[in-house]
Amino acid sequence: MNLETNESIGISNARYPELLELYRRMVTIREAEKNCGAMFAAGEIPGFIHLSDGQEAVSVGVMASLRADDTIASTHRGHGHALAKGLHIDAFFRELMGKADGACKGRGGSMHVADLSVGMLGANGIVGGGVAIALGSGLAQKLRGSDGLAVCFFGDGALAEGIVHESLNIAQLKTIPVLFVCENNGWSEFSPTSTQITFTLERLAAAYGIPYYNADGSDVEKVAELTADVVEHVRRHRGPAVLEFATTRIRGHYEGDSQRYRNDTAPPVDPLAIARSLLEERGIDANELAAMETEIQSEIQRAVEAARLSTDPTLETAIQEVYAIVGVAA
Amino acid sequence: MNLETNESIGISNARYPELLELYRRMVTIREAEKNCGAMFAAGEIPGFIHLSDGQEAVSVGVMASLRADDTIASTHRGHGHALAKGLHIDAFFRELMGKADGACKGRGGSMHVADLSVGMLGANGIVGGGVAIALGSGLAQKLRGSDGLAVCFFGDGALAEGIVHESLNIAQLKTIPVLFVCENNGWSEFSPTSTQITFTLERLAAAYGIPYYNADGSDVEKVAELTADVVEHVRRHRGPAVLEFATTRIRGHYEGDSQRYRNDTAPPVDPLAIARSLLEERGIDANELAAMETEIQSEIQRAVEAARLSTDPTLETAIQEVYAIVGVAA
Amino acid sequence: MNETRFAQAINRSLDDALARDSSIVLLGEDIANAGGTFAVTRGLLDKYGADRIIDMPIAENAIAGMAVGLALGGFKPVIEIMFMDFMTLTMDALVNQAAKLHFMFGGQGSVPMVVRTQHGGGINAGPQHSQCLEAWFAHIPGLKVVVPATLDDAYALLQSAIDDPNPVLFVENKALYPMKGVLTDDLPPTPLGKARIARAGSDVTIVSYGAMVYQAMEAAEQLASEGISAEVLDLRTVQPWDEEAVFASLSKTHRLVIAHEAVEAFGVGAEIAARMAQIGFDELDGPIMRVGAPFMPVPFARALEVDYIPSAARIIEAVRATDV
Amino acid sequence: MNETRFAQAINRSLDDALARDSSIVLLGEDIANAGGTFAVTRGLLDKYGADRIIDMPIAENAIAGMAVGLALGGFKPVIEIMFMDFMTLTMDALVNQAAKLHFMFGGQGSVPMVVRTQHGGGINAGPQHSQCLEAWFAHIPGLKVVVPATLDDAYALLQSAIDDPNPVLFVENKALYPMKGVLTDDLPPTPLGKARIARAGSDVTIVSYGAMVYQAMEAAEQLASEGISAEVLDLRTVQPWDEEAVFASLSKTHRLVIAHEAVEAFGVGAEIAARMAQIGFDELDGPIMRVGAPFMPVPFARALEVDYIPSAARIIEAVRATDV
Ligand SMILES: Cc1ncc(C[n+]2csc(CCOP(=O)(O)OP(=O)(O)O)c2C)c(N)n1
Ligand SMILES: Cc1ncc(C[n+]2csc(CCOP(=O)(O)OP(=O)(O)O)c2C)c(N)n1
Ligand SMILES: [Mg+2]
Ligand SMILES: [Mg+2]
């Protein structure tokens with residue numbers, strides 16, 4: 001299964017896929033991560049995993065406007081980004097389980113899922129680590145004379161890191177086609193971001209003179225619609241823009257997080273529930289949706305089973321690839 | 001000779017010393033640096049030296065409102081800051097010449113002149129390097145319960161460094177009594193800063209919610225007056241403020257800089273000339289000023305001569321002080 | 001006596017230091033309200049308040065730089081950098097500022113700060129959350145580097161690090177946090193720079209530090225059953241390291257193995273080997289062997305990481321290669 | 001043949017690379033309009049334009065991070081970090097990102113970037129503008145580290161560094177910039193990782209790299225007059241370093257000295273000594289000696305710096321201490 005990018009879907013004249021397709025992609029991410037959570041709890045997935053439950057609308061809505069040749073740099077919470085950009089679900093599970101045929105041959109795991117062939121430049125274990133990489137990738141697009149762009153995702157907590165500021169300045173200074181996408185879930189690990197950041201991204205972007213837009217990050221259509229406009233703008237003007245989406249981190253910072261620190265009273269806003277009721281309002285049959293969900297579940301189950309059967313990598317093979325080989329293009 | 005801080009001058013009720021005194025301090029810095037330039041050209045001062053000619057009004061005007069227990073963190077262009085904060089002229093020249101009895105025993109040189117006893121936490125060879133140090137120093141003042149504050153100086157070019165942004169956020173977040181002083185001379189080394197920075201400090205400070213003020217950095221009275229107000233505010237509110245002074249770098253980035261890249265047409269704005277003509281307007285006798293200048297020159301000459309006679313440090317002594325000694329307070 | 005975990009020994013050390021010296025303040029990400037990612041600072045906020053246990057935004061370079069300013073201002077800051085891999089963001093503050101200040105200012109002032117961080121694999125945290133980079137800091141004049149292996153050392157060396165007037169990097173191994181043991185009451189002060197003989201022996205010296213000490217002990221145990229008596233030295237401090245103790249042991253055993261979890265090449269073991277190949281040359285009866293991680297990033301997969309981290313078996317192999 | 005300076009050899013190498021490969025772009029502070037602080041990039045802006053010779057704001061971490069993105073995007077960025085001391089600000093991008101990417105992504109992609117920087121004393125630039133930190137980078141799997149000593153090597157090794165599909169740190173010694181010499185036309189490619197026998201000899205091996213090669217040569221010269229024949233090896237690349245060449249030379253001379261300008265403790269020499277104390281143990285007829293800077297920050301004063309930087313005299317002393 002591969003959550004394809006727009007091009008391959010071939011919806012003519014649509015700026016982004018219709019809601020049913022967006023919903024399908026969100027369900028895929030949710031179902032995949034549900035399995036991740038369970039497999040982590042069961043000890044089948046080791047390390048740290050940060051689920052994006054509640055934030056699927058941003059991944060899916062943003063990626064809906066991107067082409068295969070557009071690039072993204074992601075964060076520690078990168079499953080949704082990776083799958084939405086086109087990382088194959090098989091490569092995904094195999095990587096998280098640390099298998100030899102995982103996306104990264106089991107060397108990176110959840111925090112480093114990457115698929116360069118679809119322009120996914122990697123999740124990143126360093127808060128802010130992907131921002132300057134996206135900046136360089138956007139500059140490459142520009143210097144190459146393409147109308148491609150680069151997108152960097154980052155959380156609200158990352159705004160405290162100097163690299164974000166260095167990058168905003170350079171993006172505007174050199175008019176680099178890079179889209180800064182802030183997923184504002186209100187949390188930096190175990191702390192409300194309001195206890196860490198004194199400014200709003202809106203005012204910051206204004207200071208840098210970079211166009212700023214925001215939308216409800218739980219409404220996938222709103223995310224897709226705004227992103228389509230902004231991506232269009234970035235493609236045409238070859239300069240940066242900032243997008244901010246208010247979103248909800250439904251689960252803990254990472255799996256295993258007891259969330260004792262958390263005392264939200266309202267039930268979490270769920271982008272899937274929102275999309276689903278919109279679809280039903282528009283007359284899509286609930287049975288049809290259920291069938292789709294079941295199909296996704298079984299497809300994911302298949303991927304998980306296959307991953308379980310995959311082989312473990314060996315150190316002897318891994319050590320061959322510490323360096324790219326001189327004279328051999330990668 | 002020691003450019004004393006306010007307290008020791010004892011001008012009652014004055015918020016800062018009168019213009020004649022401010023002028024005297026500026027002349028001292030100018031004359032000292034004139035000697036530095038000549039001694040560098042003659043090979044008597046080695047290394048890199050960055051003169052603050054044209055920026056004396058900021059050093060003198062800001063420091064006029066500081067107390068001995070207020071601290072400053074400076075930059076690579078730190079001579080004016082150091083002398084205005086109270087570094088003795090003898091220790092200054094000896095340090096720049098690399099003598100055993102220099103301010104830093106000849107181990108730091110121009111880029112590291114420091115005198116902790118007067119709250120001068122050092123010039124700094126790293127652009128932005130002093131900013132977070134001042135932040136910590138300001139926090140120390142606050143935690144100690146004093147009404148002291150910390151000042152960090154930085155250039156317009158330093159605004160590109162992430163550390164400045166990290167520090168602004170933290171200063172406001174933790175309401176730290178730190179005064180951010182930007183000396184905007186329009187240059188980052190050999191490049192106009194307009195080619196490096198897309199934002200104004202005013203808008204940036206607004207984004208962070210930090211009070212921002214600016215003034216003509218060539219008019220020492222204006223600098224002193226504004227700083228007196230702002231320092232008062234910081235002392236009382238125990239939170240940060242940003243000050244920006246437009247100023248002129250009269251000489252090259254460093255001594256030896258051919259400045260081929262420079263094509264300013266207007267003659268440089270000279271804070272000393274401005275102060276001098278103000279003094280004359282106010283009826284100070286030109287002869288009196290000349291006498292003062294001569295006196296300063298000869299005092300500096302004395303310091304230079306004495307520095308020349310000072311002894312060289314030895315490696316054997318230096319290596320004793322790589323570490324502070326356990327159990328011995330420094 | 002109650003059993004304590006390694007992480008709690010550090011917690012207790014911080015607690016006792018905070019109680020006895022009001023100039024000590026803690027800064028770090030999620031160390032106050034949340035009690036630290038590894039629960040090392042749990043409970044301290046409640047006891048000492050938000051002026052002393054300070055939660056910080058995600059800004060490592062600023063945190064480290066602030067510690068320098070706090071230290072100059074009469075405080076003894078103990079900062080936490082969550083993973084040693086994030087030390088990459090603090091290098092200017094630590095290396096260009098903190099390490100050099102006392103020297104560069106001609107002996108004026110000092111920077112009594114501690115950077116607590118944790119290194120090492122064992123929990124499949126992957127290439128950016130597992131590195132052992134202590135060799136970098138050991139190369140920098142002005143810094144001290146401590147890597148405790150036992151509960152008592154975690155407690156006592158942290159006390160010494162806090163009391164030291166110099167910037168000290170205090171490196172905890174994440175795999176040790178859950179380790180249980182008994183923390184001795186009223187420990188005597190443990191000076192930095194003194195190694196500990198973890199096991200006495202006469203045929204070969206195994207020098208180690210941090211979590212690898214346990215693999216060295218296991219190796220020694222197995223070797224003993226073959227009649228080879230290995231002496232295990234726990235360095236405890238890698239800068240300054242206890243040259244005298246290593247030399248003394250080598251002079252007794254005439255064989256030397258150095259083992260650490262960090263990448264072997266250009267690691268801490270290189271300095272120890274090099275120094276002994278100079279001053280201990282006449283004592284050596286066989287080649288100096290090092291055991292460290294292979295020259296690759298720390299891989300994520302269980303199957304990889306388990307082979308990546310040096311084992312007792314590899315130490316035994318190295319001991320044999322000294323021609324013992 | 002015309003005389004050229006070391007800085008110009010690098011300039012020529014950049015120029016020729018830019019001319020032959022349009023994917024090469026240069027980024028750095030004041031490298032375009034101003035031609036670089038040490039004039040190494042002078043003239044390139046006029047020739048190649050602002051899209052390829054790119055002046056950057058003072059933001060080292062972002063510059064290094066951008067290079068990673070550019071490299072993934074099909075370019076071969078060559079960035080300049082003005083002083084090696086400022087590499088402290090690039091460590092995340094270089095160590096956590098660039099170095100690990102190829103491995104961490106399972107062999108997908110590569111990061112063909114070069115970081116040019118300069119190290120060393122000699123011009124009284126003081127503690128924050130003189131450090132030799134190459135050992136840090138040599139410890140990181142995924143990075144390569146080159147330190148040329150001669151004009152030909154500066155030219156040819158830079159070509160190889162640029163063509164290498166991995167991140168390469170290219171370290172110039174500031175004291176060498178004005179050095180004059182003849183740059184050979186049509187140099188054959190010089191692979192990374194191969195040492196150069198700067199002077200053949202039979203009694204003792206002196207391994208060195210960068211500017212210190214000249215002190216080693218001077219020492220060899222003086223020793224020759226006493227009838228001691230020293231072989232001088234110029235490593236050229238410190239990661240990977242040419243173990244085979246060092247071993248071969250040691251097998252001939254049976255005495256080993258390693259000299260570099262960096263601080264001796266935990267420096268590059270430690271790895272070479274440690275490795276030879278293992279694989280070369282049977283070849284050694286005396287202790288391995290290292291010559292490096294003392295364990296202190298680089299001091300500013302002329303009187304201090306001149307004694308701080310290792311001299312030919314100190315190398316000669318070390319040679320004697322190998323019991324030659
Ligand atoms: C440089 C760095 N510092 C700290 C961390 C530890 N850390 C991981 S995620 C995180 C919080 C990030 O918050 P945010 O950017 O809002 O992303 P979110 O987790 O909410 O998606 C922190 C502090 C890290 N990975 N990298
Ligand atoms: C981290 C770092 N990067 C680069 C430099 C080299 N450098 C020294 S001064 C300078 C320009 C600084 O400009 P600005 O902050 O405006 O200060 P000014 O020189 O104008 O006083 C640069 C790039 C440095 N010293 N430190
Ligand atoms: Mg968040
Ligand atoms: Mg400036």
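Both backbone and side-chain heavy atoms feed into the values below; hydrogens, waters and symmetry mates do not. Per chain, numbering begins at 1; letters A, B, ... match sequence-line order.
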| Over all atoms of both residues, closest heavy-atom pair of Gln278(C) and Arg290(D) | OE1-N, 4.4 Å
| Quick one: are Val263(C) and Pro141(D) in side-chain contact, heavy atoms under 4.5 Å? | yes
| query | Contact part of Leu284(D) toward chain C, heavy-atom cut-off under 4.5 Å: side chain, backbone, both or neither? | reply | both
| task | Using non-hydrogen atoms and a 4.5 Å limit, figure out which bit of Asn61(D) sits close to chain C: side chain, backbone, both or neither. | result | side chain
| query | With no hydrogens and no angle check, is any side-chain donor or acceptor of Asp85(C) less than 3.5 Å from a backbone partner on Asn96(D)? | reply | no
| task | Identify the heavy atoms of Val95(D) and Gln131(C) that sit nearest to each other, and give their distance. | result | CG1-OE1, 3.7 Å
| query | Taking Ala99(C), Gly286(C), Pro127(C) one by one, which has the highest count of heavy-atom pairs under 4.5 Å against chain D? | reply | Gly286(C)
| note | His260(D) meets the ring pair (Phe, Tyr, Trp, His ring centres under 6.0 Å) criterion, sequence neighbours left out, with Tyr209(D)
| Closest non-hydrogen atom pair between Trp241(D) and Phe266(C), with its separation | CD1-CZ, 3.8 Å
| field | N/O donor-acceptor pair under 3.5 Å between Asp92(C) side chain and Phe86(D) backbone | value | no
| field | Part of Asp285(D) lying under 4.5 Å from any heavy atom of chain C | value | backbone
| Among the listed options Pro297(D), Pro294(D), Ala277(D), the residue most often paired with chain C at heavy-atom distances under 4.5 Å | Pro297(D)
| Which residues satisfy the ring pair (Phe, Tyr, Trp, His ring centres under 6.0 Å) test with Phe103(C), sequence neighbours excluded? | none
| Can you say whether Val268(D) sits under 4.5 Å from chain C via the side chain, the backbone, both, or neither, judging by heavy atoms? | both
| message | Has His139(D) got a side-chain atom pairing as donor or acceptor with Ala265(C)'s backbone, closer than 3.5 angstrom? | response | yes
| message | For a quick test of reading the model, state the closest non-hydrogen atom pair linking Ala273(C) to Ala274(D) and the distance between them. | response | CB-CB, 3.5 Å
| request: May I have the step-by-step check of side-chain contact (heavy atoms from CB on, under 4.5 Å) for Lys100(C) and Met296(D), ending in yes or no? | output: CA-CA 9 Å; Lys100(C) 298 180 173 36; Met296(D) 64 160 85; over 6 Å; no
| query | Side chain, backbone, both or neither: which part of Leu89(D) has a non-hydrogen atom closer than 4.5 Å to chain C? | reply | side chain
| message | I'd like to verify something: which residue of Ile272(C), Ile140(C), Val298(C) has the highest number of heavy-atom pairs under 4.5 Å with chain D? | response | Ile140(C)
| Are Phe281(D) and Met289(C) close enough, and set up right, to give a side-chain contact (heavy atoms from CB on, under 4.5 Å), and what steps lead you there? | CA-CA 10 Å; Phe281(D) 184 73; Met289(C) 298 301 297; over 6 Å; no
| field | Option in Gln128(C), Glu271(C), Met104(C) with maximal non-hydrogen atom pairs under 4.5 Å from chain D | value | Glu271(C)
| So how far is it from Thr88(D) OG1 to Gln97(C) CD, rounded to the nearest 0.5 Å? | 8.5 Å
| field | Region of Glu264(D) that comes under 4.5 Å of a non-hydrogen atom in chain C | value | both
| request: Name the region of Val238(C), side chain, backbone, both or neither, that has any atom closer than 4.5 Å to a heavy atom of chain D. | output: backbone
